[in-house]
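Structure first, then comments.
In this chain, residues are counted from 1 in sequence order.
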Amino acid sequence: MKASKVQMSISWLLLFVLVLSIVPLTGPAERASAAASGIVERVYTDKSRYDPSDSVTITVSLHNQTGSTWSDDVVVRIFYLETQVYTSSQAVTLTNGQSDDITFGWTAPATDYRGYFVRIDADTAGSGATAIDVSSDMAKYPRYGFISEMTSAETSTMSTDKVNELAQDYHINAWQFYDWMWRHEKVIKRTGGVIDSTWQDLFNRQIDWSTLGNQIDAVHDQNGAAMAYAMIYAARENYPTYGVNAQWGLYEDATHTKQFDFNFGFGPILHWFNPLNANWQNYIFTEYLDAINAGDFDGIHVDQFGQRNNVYDYNGNPVNLAQSFSPFLDAAKSALTTNNAAKDHITYNIVDGTVDGWAADDVSTNADVDFLYSEIWYLSNSYKQLKDYIDDIRANSGGKAAVLAAYMNYGENIGTRYEAESASLTNVSTNTNHTGYTGSGFVDQFANSGDKASFTISAPEDGYYSLVFRFANATGSEAKRNLYVDNVFNKELNFYHFANWDTWSHDTYQQVYLTQGSHTVDVRYDVGNSGAINLDSLTLGAFDDHSIRLADAMMAASGATHLELGEDSQMLAHEYYPNRSKSVRNSLKDALKDHYTFITAYENLLFDADVVNNDTGSQFLNITGVTTSGDATGNTVWQIQKRTPDYNIVHLINLLNNDNQWRNSASQPTFKTNLATKVYIGNDETITDVFVASPDLDHGTTEELSFSTGTDSNGKYVSFTIPNLKYWDMIYMKRTFSAPSNAIYEAETAVKTNVSTNTDHAGYTGSGFVDGFATANDGVSFVVHADTSDDYALRFRYANGGTNATRDVFVDGKYAGTIGFDNTGSWNSWGYGELTAQLDQGYHTVVLWYSGSNAHAINLDHLDLDKTYIWNFNVPITSIPAGYRITFQAGLPGWVHWSDNNWTNVTDTKLRGNGSSNGDLDYEISVGPFSSGDIDFTFLWDDNNNGSAEYGTDRWEGTDFEIEVD
């Protein structure tokens with residue numbers, strides 16, 4: 001089971017009961033066009049992932065419906081970003097009505113970890129696209145799907161078809177095999193040492209061993225990875241029978257009276273065990289290895305239930321459960337690698353981690369997992385919260401890939417609705433005497449054999465349809481009715497009971513395959529049925545196109561992929577994966593095919609570890625006549641800016657006509673055309689080319705844009721017109737960078753917000769300084785280059801002839817600290833305010849901003865970026881390389897009393913507050929840089945906090961320290 005939501009509602013449990021009788025679906029496979037139009041019906045590759053130098057086969061399915069014979073060249077072009085790397089063509093002739101498949105061969109380049117866009121053109125008669133992922137390991141760019149049905153009714157051909165559909169149409173390269181196991185602590189059922197041909201899972205669904213093997217083989221034929229679902233600490237009821245010891249367990253009390261468990265209420269119980277217990281680890285690791293060795297899985301997808309506090313082991317010792325996962329996962333990874341290094345992938349569900357969530361920081365920072373995975377519930381409902389979470393876990397992990405299980409339109413009853421009171425009714429009546437119904441009323445007195453409600457529905461296309469029934473039942477017991485589709489019995493439906501008749505539920509559903517056109521759906525009280533219900537409506541449950549396109553866009557633009565797609569082009573409506581209470585219409589399927597082609601083709605601009613966030617402020621972007629935001633404010637165009645070593649990237653996500661919530665159904669955004677756009681850049685940057693690409697336009701093909709550059713009162717900019725914005729555009733700009741001398745970035749040439757420049761005070765560097773930096777929302781934004789990954793002193797040269805001032809510093813859009821800019825004596829006297837920050841190699845934004853909590857005026861001359869080593873009482877370094885500064889951090893105000901000449905020419909350098917939440921490190925200053933010698937220092941503490949160094953009054957640290965310059 002997919003046990004993840006911490007606070008599971010009763011309806012969630014009831015839904016498990018309602019789905020126990022789900023039968024395998026056997027509707028015909030759907031082959032809607034994949035990123036194609038016109039005479040080109042479909043374009044796909046023979047594998048979802050390729051190793052470097054592999055042979056690639058591209059298949060183009062053609063169908064001539066032009067009304068006459070068509071004869072022309074079909075051309076393939078392959079691009080790495082904007083650069084064409086291959087082209088070929090074939091002459092094709094098709095008579096009217098004729099179909100044919102043609103193939104193109106290509107040898108993947110030897111360069112690892114690159115995505116390629118494939119463009120197909122059949123002259124003007126049609127076009128199509130696909131993508132190629134050349135990566136030696138799927139964990140670099142996991143496009144995660146799922147398989148949840150493994151019955152004996154599925155033939156080998158069916159297994160291959162459902163895997164190929166996900167691989168070919170959506171580029172899925174890793175599959176989570178959900179609830180494939182027999183028991184959570186005994187994953188494979190054997191009799192007399194021989195694997196059983198079938199077994200029943202937790203909810204009595206049939207698992208067929210042969211079908212499971214066929215599915216895994218099909219995944220491997222696509223060069224995909226098969227991941228075996230497992231739990232970190234769960235064992236079923238009667239676990240001692242299978243060799244599990246209660247002394248390994250987790251308990252709610254110190255006397256091991258009550259073991260933690262999850263009771264589903266109808267038989268199955270999952271008991272919990274201590275991830276730190278060596279005996280439990282040895283036991284469950286053996287099961288993991290059994291999945292790998294006997295099942296041929298490629299790795300383990302490890303799950304949990306979420307936050308639990310006040311946890312004890314069997315002996316009454318407190319267990320910090322949140323801190324127990326990383327050691328377990330590290331040991332599991334080691335066991336898998338020792339067993340078979342080619343099949344040792346592991347990932348772990350950070351349940352509802354979100355920002356500052358339970359266990360999220362530890363797992364994302366410390367666990368030896370191949371990619372990050374997190375199930376998202378209700379701690380991050382807004383787009384911005386989810387983006388911040390993606391930023392955090394990827395930063396913690398050093399840029400590992402992130403996959404989010406985020407259930408779209410969760411709990412919503414959306415789709416075409418048919419009111420029960422308007423159906424054809426037999427032996428029942430209608431009423432309005434209970435609140436909460438939809439339409440004009442509901443069907444009442446649906447309580448006796450022979451009662452019936454018959455709906456006439458319209459299916460707009462061939463495909464799967466979810467028949468969702470909204471009902472009330474307060475009889476105290478479950479009711480049952482038979483479902484007929486086109487007068488053919490389909491299944492018996494269960495209608496659970498609730499507290500009163502004013503409580504409505506839509507948890508009863510059945511998915512069926514329908515051809516386009518009119519159909520009848522009957523709910524009948526037949527002999528053998530029972531109970532009474534009020535019936536409100538029938539909904540053809542469907543996912544909302546707009547919300548999913550926007551949510552998928554924000555996740556990809558933020559650097560994560562979305563676990564959402566499974567067999568039969570199904571999407572996750574619920575944490576229990578076999579739940580099919582919503583279906584996917586062809587319009588959404590086509591949009592998703594373009595989306596997955598896009599994120600595969602442009603994976604290097606979306607997911608690489610060297611894709612760095614820009615600042616989120618609006619000072620970097622202006623679109624004429626369009627309200628933009630950097631925080632996904634509702635009814636704006638949300639701009640997300642990023643940088644790579646070669647490109648500046650601007651993502652535009654169109655939230656016009658929508659709010660800031662990602663999960664719920666949405667409206668179509670207000671589409672825009674011909675957007676006159678200015679993007680402000682650093683003074684040291686030069687833009688050489690501007691491109692736009694979108695999954696919403698021309699199957700994701702890159703278009704080059706004309707542009708101009710210039711400078712206005714805000715700074716240097718590049719200007720261009722974006723032809724169209726529907727849901728998501730990605731603008732990427734080829735860039736060069738000329739680092740300034742001595743890494744000094746002049747403020748007067750930076751990006752300026754609500755400030756001016758001047759030359760009326762002597763002593764500035766460059767051509768002037770920033771003036772009028774005196775009120776809230778004033779700011780200066782720098783684009784800088786770090787030539788190595790290191791700690792850097794951000795040293796802002798300023799003048800302040802008035803009251804002590806403060807400013808906040810943001811690095812790549814994240815708050816980094818607050819700098820104090822003390823009075824320098826006059827506006828002609830210049831000093832430095834500074835803060836130390838860690839920067840990865842590459843390009844970054846450093847923004848000095850007058851936030852609401854800041855105060856008073858400064859003039860700003862420049863930013864000096866210097867490498868530094870950090871000394872504090874927790875890390876008392878004893879040497880630094882030549883050319884570095886030394887940053888001193890402490891938890892008290894005072895001065896660094898130091899000398900680089902054996903205590904002669906001593907200098908007192910004041911420690912200043914830095915805004916840190918760490919009370920031991922919230923004062924700092926740097927000195928240097930140093931080329932050689934020894935640095936002697938101690939501290940004079942300003943215990944009376946009067947800001948004056950008083951040798952006879954203030955307290956000395958009492959210890960002399962020394963740092964050697966190598």
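Cation-pi contact between Lys678 and Tyr717: present, with separation from the ring centre below 6.0 Å and deviation from the ring axis of at most 45°. Relative to the ring axis of Tyr792, Arg885 does not place its NZ or CZ within 45° and under 6.0 Å from the centre. Judged by the 6.0 Å and 45° rule, Lys140 forms a cation-pi pair with Tyr113.
In this structure, Thr87 and Ile78 have side chains that are not in contact, with every pair of non-hydrogen atoms separated by 4.5 Å or more. With contacts defined as side-chain heavy-atom distances shorter than 4.5 Å, the pair His171/Asp133 does not qualify. Under the 4.5 Å side-chain criterion, counting only non-hydrogen atoms from C-beta, Pro881 is in contact with Tyr869. Side-chain atoms of Asp790 and Tyr884, non-hydrogen and from C-beta on, do get closer than 4.5 Å to each other. Taking 4.5 Å as the limit, some side-chain heavy atom of Val718 sits within range of a side-chain heavy atom of Met733. Considering only heavy atoms from C-beta on, Ile376 comes within 4.5 Å of Ser374 through its side chain. Looking at heavy atoms from C-beta onward, Phe598 lies in side-chain contact with Trp728 at the 4.5 angstrom threshold. Arg797 has its side chain out of reach of Asp864: every pair of non-hydrogen atoms, C-beta onward, lies at least 4.5 Å apart.
Distance CG/Leu863 to CG/Leu848: 9.0 Å, rounded to 0.5 Å. In this structure, Ser382 OG and Lys387 NZ are separated by 11.5 Å, a value rounded to the nearest 0.5 Å. A distance of 5.0 Å separates OH of Tyr832 from CZ of Arg795, quoted to the nearest 0.5 Å. Atom NE2 of His562 is separated from atom CG of Asp552 by 6.0 Å, given to the nearest 0.5 angstrom. Atom CG of Asn654 is separated from atom CD of Gln668 by 9.5 Å, given to the nearest 0.5 angstrom. Rounded to the nearest 0.5 angstrom, Ile653 CD1 and Ser558 OG are separated by 6.0 Å.
A distance-only check finds a donor-acceptor pair linking the side chain of Asn800 to the backbone of Phe821 [under 3.5 Å]. At least one donor-acceptor pair closer than 3.5 Å links the side chain of Glu603 to the backbone N or O of Gly115. At distances below 3.5 Å, at least one donor-acceptor pair connects side-chain atoms of Asp812 with backbone N or O atoms of Thr845. Of the possible donor and acceptor atoms, one in the side chain of Asp861 sits under 3.5 Å from a partner among the backbone N and O of Thr765. Between the side chain of Thr824 and the backbone N or O of Ser829, at least one donor-acceptor pair lies under 3.5 Å. Lys672 places no side-chain N or O within 3.5 Å of a backbone atom of Leu656 that could act as its donor or acceptor partner. No donor-acceptor distance shorter than 3.5 angstrom exists from the side chain of Glu834 to the backbone of Phe796, with no hydrogens or angles considered. One N or O on the side chain of Arg912 and one on the backbone of Gly820 form a donor-acceptor pair closer than 3.5 Å. Remark: side-chain polar atoms of Asp698 are not paired, donor with acceptor, to backbone N or O of Gly700 under 3.5 angstrom. Checked by atom type and distance alone, the side chain of Gln385 pairs as donor or acceptor with a backbone atom of Asn381 at under 3.5 Å.
With hydrogens and angles left out, the side-chain atoms of Asp646 and Thr644 include no donor and acceptor closer than 3.5 Å. Between the side chains of Gln639 and Ser629, no donor-acceptor pair of N or O atoms lies under 3.5 Å. Using a 3.5 Å distance cut-off with no hydrogens or angles, the side chains of Ser789 and Gln841 do not pair a donor with an acceptor. No side-chain donor from either of Ser767 and Tyr764 sits under 3.5 Å from a side-chain acceptor of the other. A donor-acceptor contact under 3.5 angstrom links the side chains of Thr701 and Arg119, judged on distance only. Side chains of Thr757 and Lys752: no donor on one and acceptor on the other come within 3.5 Å. Side chains of Glu82 and Thr702: no donor on one and acceptor on the other come within 3.5 Å. Judged by distance alone, the side chains of Asp684 and Ser738 never bring a donor and an acceptor atom under 3.5 Å apart.
Using bins of under 30°, 30° to 60° and over 60° for the plane-to-plane angle, the ring pair Tyr727/Phe671 lands in the perpendicular bin. Phe737 and Tyr745 have tilted rings, their planes meeting at an angle from 30° to 60° on a 0 to 90° scale. Using cut-offs of 30° and 60° on the angle between ring planes, the pair Tyr647 and Tyr732 is perpendicular. Between Tyr141 and Phe607, the ring-plane angle classifies as tilted under the 30° and 60° cut-offs.
Other residues, nucleotides and ligands contribute more than 12 heavy atoms inside 6.0 Å of the NZ atom of Lys716.
Paired with Leu794 under the rule side chain to side chain contact (heavy atoms under 4.5 Å, CB included), one option of Val811, Thr868, Thr836, Val784 passes, and it is Val811. Partner of Leu697 under the side chain to side chain contact (heavy atoms under 4.5 Å, CB included) criterion, out of Asn724, Asp594, Val692: Asn724 alone. Checking each of Lys642, His844, Gln641 against Asn613 for a side chain to side chain contact (heavy atoms under 4.5 Å, CB included) leaves exactly one that passes, namely Lys642.
The pair Arg643-Asp610 does not meet the salt-bridge criterion, since no charged nitrogen lies less than 4.0 angstrom from a carboxylate oxygen. Under the 4.0 Å criterion applied to side-chain N and carboxylate O atoms, Arg549 and Asp696 are assigned as salt-bridge partners.
Ring-centre distance between Tyr680 and Phe620: not below the 6.0 Å cut-off. Aromatic pair Tyr843/His785: ring centres closer than 6.0 Å.
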Could you walk me through whether Asn918 and Ser916 pass the side-chain hydrogen bond (donor to acceptor under 3.5 Å, both in side chains) check? CA-CA 5 Å; Asn918 185 337; Ser916 173; 5.4 Å; no

Intermediate values then yes/no, side-chain hydrogen bond (donor to acceptor under 3.5 Å, both in side chains), Asn854 and Arg807: CA-CA 6 Å; Asn854 297 150; Arg807 294 292 184 273; 5.5 Å; no

Applying side-chain hydrogen bond (donor to acceptor under 3.5 Å, both in side chains), run through Asp361 and Asn396 and close with a yes or a no. CA-CA 7 Å; Asp361 283 346; Asn396 289 346; 3.2 Å; yes

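Among residues two or more places apart in sequence or in another chain, the ring pair (Phe, Tyr, Trp, His ring centres under 6.0 Å) test is passed with Tyr116 by Tyr80, Trp106.
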